[in-house]
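Notes for the one structure printed next.
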Protein chains: 2
Amino acid sequence: MSVSIKDIAKRVNRSITTVSRALNDYDDVSPETKQLILKTAKEMGYSPNTFAQRLQKQQSDTIGLILPTFSPRFSDPYFSELLAGIGNKAADLGFDLLVSTRSPGFEENKAYEKMVEGGRVDGFIVVRTRNQDTRIEYLLSKNFPFVAFGRTDDCNRFSYVDEDGYYGMQLVAEHLVGLNHDVIGCITPKPDLAFTEKRIAGLRDGLEKYNIKLDPAYIKAGDLTQRSGYELGAELLDLSETPTAIVACNDLMAFGVMSAVQERGLVVGKDVSVTGFDDIPMSEYSHPPLTTVHQPVYQIGSMVCEMLVKIIRDELSEHQQILLKPSLIERQSTGIYDKRAI
Amino acid sequence: MSVSIKDIAKRVNRSITTVSRALNDYDDVSPETKQLILKTAKEMGYSPNTFAQRLQKQQSDTIGLILPTFSPRFSDPYFSELLAGIGNKAADLGFDLLVSTRSPGFEENKAYEKMVEGGRVDGFIVVRTRNQDTRIEYLLSKNFPFVAFGRTDDCNRFSYVDEDGYYGMQLVAEHLVGLNHDVIGCITPKPDLAFTEKRIAGLRDGLEKYNIKLDPAYIKAGDLTQRSGYELGAELLDLSETPTAIVACNDLMAFGVMSAVQERGLVVGKDVSVTGFDDIPMSEYSHPPLTTVHQPVYQIGSMVCEMLVKIIRDELSEHQQILLKPSLIERQSTGIYDKRAI
DNA sequence: AGTATATACCAAAACGTTTTGGATGTCAAT
DNA sequence: ATTGACATCCAAAACGTTTTGGTATATACT
C-alpha cells in the first residue's frame, strides 16, 4: 500500500536503521546519505505510520478532552471557542486532540478510565471543574498528567488556569451600583460547579461595599442554557419587588433573560439591566449588545494546552497556577436606573 | 507499566495466541479457559493497546473531520451541533474522531493529504461543500472513503447527505408572500459554497410564482457571521426602497440583521421581517424568536457518520444520496406587512 | 485398527517504527 | 605497527497486538 521506511531502504541501498536515523536527523549519518534519503522519501511520498511510531515510542502524542455537557447536543459557543483554542495549539505542537462529550456522572468517569488505561492519551484537559471533582481525584490518584481549566476546593496539587470570577463579578457589582441599581437578581449555574460560589461571592461582596444586600431569594440556579436564563429570568421579573438589574453567570443565560424582559414589553438597558459573563462572540451583536465580563477563552485554551504539553514533556518542575483578571465590557444592556420610570 | 496480553498469558499458563483469541471471542478456545481469561483480564485491569491493534489491523478506526473556518476561532453553533452528532455516533460505533480546523485553501488541502497518506484516518467527513471542491477531487482521486454533508456540481460520484435548500427557501418565499411582503432582501454566503445558489434560486423561484422579482441589488454576499449579517443588513436598510423583509441564509447572519434593524428603532416582525436558516438552538430564544428553516443538524451528523462507517466496512454497494426536506419554523421575527405603517 | 472429525491449544510471523549495541573503515597521533 | 578517535553504517530486538498455519489429543465412524 503506502510506502514504508523499508521501501526507501531498499531503494537507496541502506539499512532501515540508517533511513530512520536520517529521517530523524541524527548525526551519525553522512550528509550525502541524509540528502539522498530525504530526497527519495519525498519522491516516494513517504509519510510515517503514526501508529507504529506511537507503539514503539510508547506515547500517544494525543491530548484527551471530555466535554461535560448535559445533553449530548452541546452548543455552547463558549466550548466551541475553547475547543478551537486547544485544538489549534495542539496541532501546532504536534499533538492530536481526542474529543468526546459525556454528561457528568458514571459514564464520564468510565470514559476517563478507558482513555488512561488504554494508553490512549498522554494527558488530559479537564474543564469546568467541580467542587469535589472525581475526575481530578482519579487523575491525581493515577499520577496522570493533566491541566484544569478552573480550580477546585483544594487545588494546589495540580496545574490550572482560571479566570478570577470573584474579581469579575465585583466589576459587575461596581458597574451596576454606579448606575443606581439596588435590587439585583442573579442567575447562577448549579452550585457544584467550582466557579458558582466564587461568582456569587464576588457579586455579593461587591454590592456590600456599597451597602446593598444580595437577597438569597433573588438568586436562582440554572443550567447555563439560554432556556434556563429565560425561565429563571421570568421568575425574577415576577417577584413582588422587581429587580432593576439581573446578573447572569454566563452570556447564554443572559440572552435568555433579555428575551424574558423584552417579552414583558420592557426595555433592556433602561427598565431592566442585564449582564452576562464570558463575552462570547455573539454578545457583541445581540440586541442590545450585552454588557459582560470578558474571558479570553480562545487564549485560555491555548495556554492550557501548552501547559499540558510541557507537563507531558517533563519540562515543568512544579505546578503552575494561573489566575487571569477578566475585564468588564460595557455595552448597551445596562443603563442608568431611573426611579421615576416604573 | 500497564498490563498486556502477555502478562495475562503468563498468569493463566496459556499462550498469548489463546489469550488474544479468548478476548476476541473466537470459538476455538474452551469455555472454561475463555471464562478464566476474561476474569483475570478484568482482575488485572487489562485494556488493549489501541496503537498495537491499529498497527496490526492496518486500520485506524478513526474518522477525520476538518472544519473549514475562516478565522481559527470557530463559534458557529451550527458546527458545534454537527460535531456533537458526528462525535457521539462515532463513539457508539467504536471510532475515534480526529478534528481540526483549517481555513479553506492550501493549508487545508495539505491537512487532508497528511491524514490520508499517514494512514491516520479510515475516512473523511467533508462539510460545507463548494462548487469546485478540491477536497472532494483529491479524495476521489485517491479512492479514499468519505461522505459529504452537501453536494457539489457533479455529485453522483460519491455519497452525501444534504438538506434541500431550494425547497426550504421556497417555504420562506411562500411564507413571506403570505404576509404581504413584496420588497425582499437576501443575505447570502460567498457564491463558491455549494448551497448558496440553491438557496438563492429557491427564494427567487418561490417569489416568482407570485410575480415578485428578487432584485439582484437586494442580494448581498456575506460570510455567515453575525457581524456580516449586521453590516449587510444595514446596507439593505439604507437602500432607497427599504426591504420589508430580509432573508438571511443562516441564523447567525439573521441575528446580525435583527440587531441592525433594531438599532434603527424599527421593530423586527412588524416594520421589517427577518428569517434565518438552520434553526440553531439559540433561535428559539432570541428576541424576537426567529422564523427559520429547520435543519436537523445533529441527526445529519449522526447519519453522515453512520454512512461513512458503512463505506469503510464495505457494507455499502453503491453511493447513497440523501436529500432531506427541511421545514419552516414560524416564530415572531416575521409578521404581516402593513403598507400604511411606514 | 485405521481413518476422519472436532476440540483445544500454540509458535512464529507480521504490522512499521525506534533504539540498542555494536561493526567497519579511515585517519592521525604515538 | 599500534592505538585511539571518529565517521558511517547496520542487525536485531522491541513495542503489543492479530493472524497464519499448524499440532496434539480425544472421540466417532468404518
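Lettering of chains follows the sequences in order, A, B, ..., and the numbering in each one begins at 1. Model, not experiment: these values are computed from the prediction. Note that these values count all heavy atoms, side chains included, but never hydrogens, waters or copies made by symmetry.
Thr18(B) has a side-chain polar atom (N or O) that falls below the 4.0 Å cut-off from OP1 or OP2 of dC10(C). Considering only side-chain N and O atoms, Gln58(A) lies under 4.0 angstrom from the phosphate OP1 or OP2 of dG16(D). OP1 or OP2 of dA8(C) has not a single side-chain nitrogen or oxygen of Thr33(B) nearer than 4.0 Å.
Atoms NZ (Lys34(A)) and P (dC10(D)) sit 15 Å apart, rounded to a whole Å. Rounded to whole angstrom, the span from the CD atom of Gln59(B) across to the P atom of dG16(C) amounts to 14 Å. In this structure, Arg54(A) places its CZ atom 16 Å from C1' of dC15(C), rounding to the nearest Å. Between the CG atom of Leu55(B) and the P atom of dA13(C) there is a distance of 17 Å, rounded to whole Å.
Residues passing the salt bridge (Lys or Arg N to Asp or Glu O under 4.0 Å) test with Asp96(B), sequence neighbours excluded: Arg120(A), Arg54(B). In this structure, Phe79(A) has no ring-ring contact (aromatic ring centres under 6.0 Å, His included) partners at least two apart in sequence or on a different chain. Every ring-ring contact (aromatic ring centres under 6.0 Å, His included) that Tyr112(A) has, sequence neighbours left out, goes to Phe124(A).
Note on the helix from dA1(C)-dT30(D) to dT30(C)-dA1(D): terminal axis deviation equals 70°, with five pairs used at each end and the result rounded to 10°.
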Check: How would nucleotides 17-28 of chain D be written as a contact map, 5' to 3', with B for base contact, S for sugar-phosphate-only contact and - for no contact, using protein heavy atoms under 4.0 Å?
Finding: BBBB--------
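Between Phe158(B) and Phe146(B), the ring center distance clears the sub-6.0 Å criterion.
By the 4.0 Å N-to-carboxylate-O rule, Glu107(B) lies too far from Lys110(B) to be salt-bridged with it.
At a cut-off of 3.5 Å, with distance as the only test, no side-chain donor of Thr17(B) or Ser20(B) sits close to an acceptor on the other residue. Between Asp61(A) and Gln59(A), the side chains place a donor N or O and an acceptor N or O closer than 3.5 Å (distance only, hydrogens not considered).
Side-chain atoms of Ser30(A) lie closest to dT8(D) of the nucleotides dC9(C), dT8(D), dG16(C).
Screening residues 313-324 of chain B for side chain to side chain donor-acceptor pair (under 3.5 Å) gives no qualifying pairs among residues at least two apart or on separate chains.
Just one of Arg128(A), Arg102(A), Arg130(A) meets the salt bridge (Lys or Arg N to Asp or Glu O under 4.0 Å) condition when paired with Glu108(A); it is Arg130(A).
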